[in-house]
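First the structure, in the form of structure tokens, and then the observations on it.
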Amino acid sequence: MSRKDPQTKQQRSFFIKELFAFALLFILLGFTVYSIFQNSVFQNINQGLVNQRTQILNNESQPTIKINPNKGTANISPSIGGPFRSTTIVFNSKGIIINKPMLGNHFYSLIKNIQLDKTQTDKVYDMTIGSQNFTSHFRTLLVKVPKSNPNPLYAGNYAMIVENVDADLLALKSFERAILITIIFFWILAISIAYFLSRSSMKPILTSWKKQRDFSANAAHELRTPLTVIQNQLEFMLTKPNDKILDQAEKISTSLNSVNQLQTLTAHLLTLSRSDADTVQVNMQSQLLEPFFKEVITPYQDVAASQSKTLTVAVDAPGAGVFDSGLMRQLIVILVDNGLKYSPKDGTIGVSVNRIKDTLTIKVSDNGPGIPNEDKKRVFDRFYRTDKSRNSKTGGNGLGLAIASTIVKQHHGKIAVHDNQPTGSIFEVSIPLKNHSTNLTTK
Ligand code: ADP
């Protein structure tokens, strides 16, 4: 198959679309997870700042450690949700830090240049402090403490609650990296899986497309041969306008043969395309087996005799069975017709119908050339012929057994071909007579 097949192109375009779809999906997923995580981290920090403000405004106590003398254990009770990481810088109204001793020298040296921005009062905002070598990130909340506050440190001043978020930012950074690696890993995994899935799901489509293409090409080829014959005969007759019909009887008969061939071929093509479209009306009905099969097969004894051949019939199938009589007749005709076609002059064709419990077995044997092992399965393929030159003489088009196989499938049965002894072939069909009685398709 050429690499430029529309199916291959289609497969490639599917794959590229999947590539983008998965990328988009994973980016969205990563972005959502990251946003949720980031929000929850900063929400906790903000909540801590708000709690701290409540403590300052209500002059609530700082975290205490209570020693339990009986048990010798310590209970740490932080002030309502107050974070341990936060520090409060107190500014007077002139913007001078007034709680330097509480801040410690190291922290004070870091924040000593912070300007009090009164416009930021009651707002949570981020602040980066530090030099070129070292920076620290804080989330802050500035509170204007009323003069009435009982704590003289805060009363009438500004309390800036600062919480160090370096650890949180670091955690977010690692999380971001982890999410990115996970996304890339799963994206590659997903597209690999999608690639293999699309390949395997395209396989049956490609096979059936190839079958369809071969079918159309074969059908066109088969139609062309009889059409060319008819055209040649008619063109020749046109050159003899004064001839009588009798003078051109041979040409007319050849043309009629070709017309018959065309008729059979188009009927076969129609049958197969209907069965492909699942629009064949399978009319399952209960039939008495012996009268039905005898009535279908017996007339072929005369046909065989007219060809100096012998057709033997053995029907041992008591009782009734459920099947489509029209399709069953077509099946028998195809097999018997092939037996007659491929058996030699003075050949023998045997047809037997047996019922064993609820299984009907039909065998059609002949003493023709037989079918080589490598062709035994393929003879049921459309347009397959074991020997093209021999078949051109028999007028076959390689569709009979394909139709037979379809009919057998419609009856939930099996068809196979074996070797006859000493020569020839035996076509064996087995059909369950009861189990599919519920499948009365009416399409
Ligand atoms: P056709 O119309 O060519 O007979 P079929 O589908 O009936 O098409 O058969 C397919 C091919 O199987 C035939 O072309 C022939 O090569 C082979 N075949 C079918 N039946 C027989 C048989 N009874 N003996 C030998 N070859 C057979």
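Side-chain atoms are counted along with the backbone in the values below, which use heavy atoms only and exclude waters and symmetry mates. All residue numbers refer to positions in the sequence shown, counting from 1. Atoms within a ligand are numbered from 1 in the order they appear, just like the ligands themselves.
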May I ask you to check whether [X] has an N/O atom sitting below 3.5 Å from an N/O atom of ligand 1?
X      : result
Leu401 : yes
Lys341 : yes
Phe427 : no
Gly400 : yes

Any sub-3.5 Å donor-acceptor pair from Glu290's side-chain atoms to Ala317's backbone N or O?
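Between the backbone of Ala317 and the side chain of Glu290 there is a qualifying donor-acceptor contact (under 3.5 Å).
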Any donor-acceptor pair under 3.5 Å from Thr140 side chain to Tyr125 backbone
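Confirmed, Thr140 side chain pairs with Tyr125 backbone.
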Of the backbone atoms (N, CA, C, O) and the side-chain heavy atoms from C-beta on, which set of Leu399 has a member under 4.0 Å from an atom of ligand 1: side chain, backbone, both, or neither?
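It is the backbone that touches ligand 1; the side chain stays farther off.
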Counting heavy atoms only, which part of Thr386 comes closer than 4.0 Å to ligand 1: side chain, backbone, both or neither?
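Both of them.
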With atoms numbered from 1 as shown, which atoms in ligand 1 lie under 4.0 angstrom from a non-hydrogen atom of Ser425?
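Counting atoms of ligand 1 from 1, those under 4.0 Å from Ser425 are 22 (C), 23 (N), 24 (N).
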Ligand 1 atoms in contact with Gly398 (distance to a heavy atom under 4.0 Å):
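Going through ligand 1 atom by atom, the ones under 4.0 Å from Gly398 are 1 (P), 2 (O), 3 (O), 6 (O), 8 (O).
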Test: Glu222 and Arg385 ion pair at under 4.0 Å:
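Looking at Glu222 and Arg385, the cut-off is met.
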Salt-bridge test for Lys251 and Glu235: reply yes if a basic N is under 4.0 Å from a carboxylate O, no otherwise.
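Result for this pair is no, no salt bridge flagged.
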So, Asp337 versus Tyr300: side-chain donor-acceptor pair below 3.5 Å or not?
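Absent: no donor and acceptor within the cut-off.
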Would you say the side-chain atoms of Asn46 and Arg139 include a donor-acceptor pair closer than 3.5 Å?
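Yes, because at least one side-chain N or O of Asn46 sits under 3.5 Å from a partner of the opposite role on Arg139.
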Does Gly368 come within less than 4.0 angstrom of ligand 1, counting non-hydrogen atoms of the residue?
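It does not, in that no heavy atom of Gly368 comes within the 4.0 Å cut-off of ligand 1.
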Side chains of Tyr34 and Leu172: does their closest heavy-atom pair fall under 4.5 Å?
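A side-chain contact exists here, since the closest heavy-atom pair is under 4.5 Å.
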